Engineer: 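Let me begin by handing over the structure; questions about it come next.
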Amino acid sequence: MPQRWRVARADCMEFLGSLADGCVDVITTDPAYSGMNEHMSFGHGRIVGRYSDEDNTRWFTEFRDNPEVFIAFLRECHRVMRDGAHIYVMFDSFSLLSLGHLMREVFAVKNIIVWDKVNLGMGHYFRRRHETIVFATKGHRRLSRRDLPDVWAVKRVHRGAYPTQKPVELFNRMLAGSADPGMTVCDPFVGSGSSAVAALLAGCAFAGADISGDAVALTDRRCTAVAAGRPDPLGPPPRPRIYTAPP
Ligand SMILES: C[S@@+](CC[C@H](N)C(=O)[O-])C[C@H]1O[C@@H](n2cnc3c(N)ncnc32)[C@H](O)[C@@H]1O
């Protein structure tokens, strides 16, 4: 059986440039925004103090998320999406205001979803507990379900194997009304591969990329396990069995 996923070690624009027009049904992505890091630092460290790449230099310098770069990225997403494809782009509160509005220049924005991370994070003023996900379409296609709310309470990953690792459940919810088995899901900023795992679990094919070799290796490891029907290596540990005495 052919492998249902492909993850490239590549810059997002180079990766998207390698895809044919209209070959993607759903994009679910969590880009590497530099804006939040540049504008907000806490104490002696940056807001994301644990982040560094293999050379121990700063992360995310590769993707300069100024409006020109971001709109070029969105246009490439639009090109690879088929007519009627759906796109979900995650934004922190800083990038939502500085870049989120650009989604409207390229796509038909349908809603902004609030991800309630349940547990409190850091924050100078109000402590952060949410992120946002802009949902938009290329052309017109309805969600396949009408029972999905626009606030999602999903516990964030605490001390994950990968910095910024998101819960698979978040991507499950993005795909719930947008993906049918056999469709192709894409994430040009795949990180630990949570979006890829959700795509495979939904019976979809997956195409993704990340600039980091660690991210690509981790995504491959998770996809190999899940595609073979084994548990996600970064998934929650199995619950202890509760012993019930035989009657
Ligand atoms: C916010 S993280 C994604 C986290 C992911 N959603 C997860 O659950 O693990 C953003 C990712 O973008 C990658 N990245 C940074 N610049 C990039 C670029 N120019 N092209 C592709 N990936 C890039 C980083 O290496 C990082 O893994």
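Indexing begins at 1, ligand by ligand and atom by atom, following the structure's order. Here the structure is a predicted model, which is why all the values come from computation and not from measurement. We use all heavy atoms of the structure for the numbers below, so side chains are in, but hydrogens, waters and symmetry mates are not.
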Engineer: Could you give all pairs that pass the salt bridge (charged side-chain N to carboxylate O under 4.0 Å, His left out) test and reach residues 106-121, with sequence neighbours left out?
Structural biologist: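 Applying salt bridge (charged side-chain N to carboxylate O under 4.0 Å, His left out) to every pair that reaches into residues 106-121, excluding sequence neighbours, yields Asp116-Arg129, Lys117-Glu131.
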
Engineer: For ligand 1, does Val190 get within less than 4.0 Å through its side chain, its backbone, both, or neither, judged by non-hydrogen atoms?
Structural biologist: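 Only the backbone of Val190 comes within reach of ligand 1.
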
Engineer: What part of Ser195 sits under 4.0 Å from ligand 1 if we count only heavy atoms: the side chain, the backbone, both or neither?
Structural biologist: neither

Engineer: Assigning hydrophobic clusters by single linkage (Ile, Leu, Val, Met, Phe, Trp, Tyr; side-chain heavy-atom cutoff under 4.5 Å), is Phe135 placed with Leu102?
Structural biologist: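 Different clusters: Phe135 never reaches Leu102 through Ile, Leu, Val, Met, Phe, Trp or Tyr contacts under 4.5 Å.
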
Engineer: Could you walk me through whether Tyr33 and Ser98 pass side-chain hydrogen bond (donor to acceptor under 3.5 Å, both in side chains), step by step?
Structural biologist: CA-CA 11 Å; Tyr33 298 113; Ser98 56; over 6 Å; no

Engineer: Under a 3.5 Å threshold, yes or no: a donor from one side chain and an acceptor from the other, between Asp187 and Thr28?
Structural biologist: no

Engineer: For the side-chain contact (heavy atoms from CB on, under 4.5 Å) test, which of Val226, Leu201, Leu200 pairs with Asp232?
Structural biologist: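 Only one of Val226, Leu201, Leu200 forms a side-chain contact (heavy atoms from CB on, under 4.5 Å) with Asp232, namely Val226.
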
Engineer: What about Cys12: any of its N or O atoms under 3.5 Å from an N or O on ligand 1?
Structural biologist: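 It does: an N or O of Cys12 is found under 3.5 Å from an N or O of ligand 1.
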
Engineer: Select one of side chain, backbone, both or neither to describe which atoms of Ala209 lie under 4.0 Å from any atom of ligand 1, heavy atoms only.
Structural biologist: neither

Engineer: Are any of the N/O atoms in Ser192 less than 3.5 Å from those in ligand 1?
Structural biologist: yes

Engineer: Which pairs count as salt bridge (charged side-chain N to carboxylate O under 4.0 Å, His left out) when at least one residue sits in residues 14-24, sequence neighbours excluded?
Structural biologist: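 Every salt bridge (charged side-chain N to carboxylate O under 4.0 Å, His left out) pair that includes a residue of residues 14-24, provided the two are not neighbours, is Asp21-Arg79.
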
Engineer: For ligand 1, is any non-hydrogen atom under 4.0 Å from Tyr162's backbone (N, CA, C, O), its side chain (CB onward), both, or neither?
Structural biologist: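 Contact part for Tyr162 vs ligand 1: side chain (C-beta onward).
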
Engineer: So between Val157, Leu234, Asp11, Thr29, whose heavy atom ends up nearest atom 19 (N) of ligand 1?
Structural biologist: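 Residue with the shortest heavy-atom distance to the ligand atom: Asp11.
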
